[in-house]
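Structure first, then comments.
These numbers come from a predicted model, not from an experiment.
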Amino acid sequence: MIYYFSGTGNSRFAANYLSKSLNESLRFIPDTDPIDEILVGESIGFVFPVYSWGVPPLVLDFVANLPEKFWNEVRTAQIPAWCVMTCGDEVALAPEMFEKVLKKKGIKAESIWSVIMPNNYVLLPGFDVDSKELEQKKLADAPARLKEISQGIVQHRRVIDVVRGGIPGIKTKLVYPLFKKWGIFPKKWHSTSACVGCGICVGSCPLNNVVMTEGVPKWGDKCCSCLACYHSCPRHAVEYGKITGKKGQYFFK
């Protein structure tokens, strides 16, 4: 069983690759009610992007809400648990954050891995998508890394094999809490006059937080800052305040 979350497609790609390689079924976290989950497969994996050097809050909530009956089955059957994090460059202490939520359930992750994929965060000054050259290099390198990870999972390697980056403690312990509190403002999302009402942003939102109203998209208050609406717009007509107008887009096709 592989539970995954993805906004712009990086983690969806990784999850699909691992699902086929490991012959494990896939479950998309936003579409899954944790209360109803039944353990299936030979391992339990979690695949998700790193948000501001931490684990997306909705992923933490999902794991925390999986019932005790589910985790008891994992413990009783000694089902190995693993995690794969996609990131633009580094994960800092995100692995420890995920280990902590699993520990509360009496579970020890057998392995935690990171996969470098194209950057997509554009909501702060100094952050933008990668150059096309770097984007293509990361995409070209990803399958080999995922093959390595798949083999490691099959071999039950007990590792934390990730790219930490510099000053990981400051990034995860200081920046991530600020992101959770101040980094997600749904009211800043809006469409510009370039919008033609195609509704692609509506369909791309994993939380069904965007709806068409009188021919234009409107955002609700369930935003998780995945940026799918922004990056999927074919006319670059979705903006976050005034900060994204001149920034690039990236969406895994």
Any donor-acceptor N/O pair, Asn72 side chain to Glu68 backbone, under 3.5 Å: no

Hydrophobic cluster partners of Ile116 (side-chain heavy atoms under 4.5 Å): Val163

Verdict with reasoning, Asp141 to Arg145, per salt bridge (Lys or Arg N to Asp or Glu O under 4.0 Å): CA-CA 7 Å; Asp141 291 344; Arg145 173 60 172 166; over 6 Å; no

Parallel, tilted or perpendicular: rings of Phe5 and Tyr51 (30°, 60°): perpendicular

More than 12 heavy atoms from other groups under 6.0 Å of CG on Asn23: no

Pairs where residues 204-226 contributes a residue and the test side chain to side chain donor-acceptor pair (under 3.5 Å) is met, not counting sequence neighbours: Ser204-Ser232

Residues, nucleotides or ligands: over 12 heavy atoms within 6.0 Å of Gln151 CD: yes

Short N-O contact, Glu99 and Lys108, less than 4.0 angstrom: yes

Check: Arg27 side chain, Tyr3 main-chain N or O, donor-acceptor pair, under 3.5 Å: no

Neighbour count above 12 (heavy atom, 6.0 Å) for Glu133 CD: no

Short side-chain to backbone donor-acceptor contact, Asp128 and Gly248, under 3.5 Å: yes

Minimal non-hydrogen separation, Ala228 against Gly7, with atom names: CB-O, 3.3 Å

Heavy-atom closest contact (Asn119 atom, Gly88 atom, distance): OD1-CA, 3.2 Å

Donor-acceptor pair between Glu239 and Tyr230 side chains, under 3.5 angstrom: no

Single-linkage hydrophobic cluster Val211~Val196, side-chain heavy atoms < 4.5 angstrom: no

Common cluster, Ile35/Trp71, ILVMFWY with side-chain heavy-atom separation under 4.5 Å: no

In one Ile/Leu/Val/Met/Phe/Trp/Tyr side-chain cluster, 4.5 Å: Phe62, Ile38: no

Same apolar cluster (I L V M F W Y, side chains within < 4.5 Å links), Leu93/Phe98: no

Check: Thr244 side chain, Tyr240 main-chain N or O, donor-acceptor pair, under 3.5 Å: yes

N/O donor-acceptor pair under 3.5 Å between Arg158 side chain and Glu110 backbone: no

Evaluation steps, side-chain contact (heavy atoms from CB on, under 4.5 Å), between Val122 and Phe127: CA-CA 5 Å; Val122 296; Phe127 288 81; 5.7 Å; no

Shortest non-hydrogen contact from Val238 toward Cys201: CG2-CB, 4.3 Å

Listed once per pair and sorted, the side chain to side chain donor-acceptor pair (under 3.5 Å) pairs that draw on residues 169-195, sequence neighbours left out: Glu90-Lys171

Minimum side-chain heavy-atom gap Pro49-Ser6 below 4.5 Å: no

Heavy-atom pair with the smallest gap, counting every atom of Ala142 and Val115: CB-CG1, 4.4 Å

Between Asn16 and Tyr4, a side-chain donor and acceptor under 3.5 Å: no

Taking every non-hydrogen atom, the tightest pair across Leu207 and Pro30: CD2-CB, 3.9 Å

Common cluster, Tyr121/Phe251, ILVMFWY with side-chain heavy-atom separation under 4.5 Å: no

Ionic contact status for Asp89 with Lys138, cut-off 4.0 Å: yes

Heavy-atom donor-acceptor pair, Arg75 side chain to Lys105 backbone, under 3.5 Å: yes

